Amino acid sequence: MIKQDDPLWYKDAVFYEVYVRAFHDSNADGHGDLPGLTAKLDYIQNLGFDCIWLLPIYPSPLKDDGYDIADYYNIHPDYGTLEDFEILTKEAHQRGIRIIADLVLNHTSNQHPWFQSARKSRSSKYRDYYVWSDTNRKYKDARIIFIDTETSNWTWDDTAGQYYWHRFYSSQPDLNFNNPAVQEEMFNVMKFWLDLGIDGFRVDAVPYLFEREGTICENLPETHDYLKRLRKFIDTNYPGRVLLCEANQWPEDVRPYFGDGDEFHIGFHFPIMPRIFMAIRKSDISDVKNIMARTPEIPSNCQWCTFLRNHDELTLEMVTEEERQWMWQEYAPESRMRLNLGIRRRLAPLLDGDQRKIELANSILFSLIGTPIIYYGDEIGMGDNIWLEDRAGVRTPMQWENSPDVGFSHADPKKFYLPVINDPIFGYEHINVKDQQNCPSSLLNQIKKMIAVHKAYRAFGRGDFSWVDVDNDAIAAYYRTYQDEKILVIQNLSATSQAIAFPLDTIHQPIDILNQKKLHLTNKPPFSLNLAGYEYLWLKI
Ligand code: NOJ
């Protein structure tokens, strides 16, 4: 394990989300694997990432890319072995990088031996591991999440002679958390991976663990009670390891998942994300301001986790109907770009491949609040392929270099698990790691700089946040302050240059900490500042 010198390490960290299948293939079978990822740890370390979140790595029929687990105690054969996982963890720790992975509590695959046994006999000890019913009329107030594919949260199983409950695909039956045996089983799962050296879990789909009639079956008190037990288990036996909460909810509904600092360490802040896209498109920061105002305080040992994109569709669950229609119209004009209540596109295409806008979005991400996560490939501005099924279009092979195999694999590219992005704008000839490493002004190098500066000042991860009023909605300006650190962030959300009265009457020359130089201001008050289109400044006062 990494030396636990600071139990709050996750507050200052920058996370990297890795889809192992997409990252690097070590055995030329066309699928990325754990040894492939291990071979690329130097890249991840060099960028400054502190923690890698692995998408599910467990045996699975892959009906939901591994979120349908068939065995909690092993590695998917495409990815390697448990030994490969131990090597990855050891090598990562030697580089000061932590590893967390998905813990999927809510459901298993229908291929899981528990479900297979459960459906075959009412007397199976696993029958009660799942939620069965003779009717499909229970829990009617629970919404359907995968609205493009599912018409009900109940599916009839002929062999079982009953309906079973599922919040996601019908191939993902929900586990029955009313059953103490299920609750205990998940402690065993956690213990297994923690003993192998994992640094924590991104806990999947937490709002849905329990069902209760007359409720929407989300965020129930029983769920919080159980999660608090998981946390206690970690704190008692594995201090320093963390739990990251995936609850796609409004901030006031995520707040209880931090408890009194005794539930999750970190929680995704979903609603900020679409509002960053709104702000850039409208050249108006108001929507971000509104959601920040709606974001409650959290206990001092807890942290928000922010992101621009991830492996799913850009979710539009946490916006109003009107905002959703607007986002679709602006960012997903073609129907293939839409999926469920979201948009299946990557960051760079969403922002027109315009490096100024992509950097600006990242500047907001890295300076606003919380711990940022970057989705693999977004650091180089990878593109997407909306013609692939489900969310596959944002899960294509990492573009390491300008060659038909993109440096991802020695297999024939025809055998790759998915085709590489090969369009005229985002294809590997234009977008790849190697070229960007060699270009000082590349997106990759700008992101690397933001990561380094974010980590150099605790104000970003731990500091207080306050808006600065510059009387111009196209300007996002705020202070981040921590002890004697005071950082002023000023960002121009519009394409045109903006002159603002510099919001300080100080005679001290602020330092532009991203570029390590003094800011040039007029020499007499009132100071004014000219920001170029999409320019962003992080200033140390
Ligand atoms: C959330 C995950 O991010 C998503 O990819 C998955 O489909 C669902 N949970 C179900 O596990």
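Indexing begins at 1, ligand by ligand and atom by atom, following the structure's order. The figures here come from the full heavy-atom set of this structure, side chains too, leaving out hydrogens, waters and symmetry mates. Here the structure is a predicted model, which means the values were calculated and not measured.
- Residues satisfying the salt bridge (Lys or Arg N to Asp or Glu O under 4.0 Å) criterion with E213, sequence neighbours excluded, are absent altogether.
- Under the 6.0 Å cut-off for aromatic ring centres, F268 and W304 do not qualify, their centroids lying 6.0 Å or more apart.
- Close placement of the F168 and F146 rings is indicated, their centers lying within 6.0 Å of each other.
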Give every pair made of an N or O atom of ligand 1 and a protein N or O atom lying under 3.5 Å apart, one pair per line with both atom names and the distance to 0.1 Å, or write 'none'.
residue: ligand 1; atom: 3 (O); partner: R202; partner atom: NH2; Å: 3.0
residue: ligand 1; atom: 3 (O); partner: H311; partner atom: NE2; Å: 2.8
residue: ligand 1; atom: 3 (O); partner: D312; partner atom: OD2; Å: 2.5
residue: ligand 1; atom: 5 (O); partner: H311; partner atom: NE2; Å: 3.1
residue: ligand 1; atom: 5 (O); partner: D312; partner atom: OD1; Å: 2.6
residue: ligand 1; atom: 5 (O); partner: D312; partner atom: OD2; Å: 3.4
residue: ligand 1; atom: 5 (O); partner: R391; partner atom: NH1; Å: 3.2
residue: ligand 1; atom: 7 (O); partner: D64; partner atom: OD1; Å: 3.1
residue: ligand 1; atom: 7 (O); partner: D64; partner atom: OD2; Å: 2.6
residue: ligand 1; atom: 7 (O); partner: R391; partner atom: NH1; Å: 3.0
residue: ligand 1; atom: 9 (N); partner: D204; partner atom: OD1; Å: 2.8
residue: ligand 1; atom: 9 (N); partner: D204; partner atom: OD2; Å: 3.3
residue: ligand 1; atom: 11 (O); partner: H107; partner atom: NE2; Å: 2.9
residue: ligand 1; atom: 11 (O); partner: D204; partner atom: OD2; Å: 2.7

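- For the residue pair E185/Y129, the side-chain donor-acceptor check at 3.5 Å is satisfied.
- Side-chain polar atoms of Q249 and Y257 form no donor-acceptor pair below 3.5 angstrom.
- Here K138 does not pair with E211 in a salt bridge; the nearest charged N to carboxylate O distance is not below 4.0 Å.
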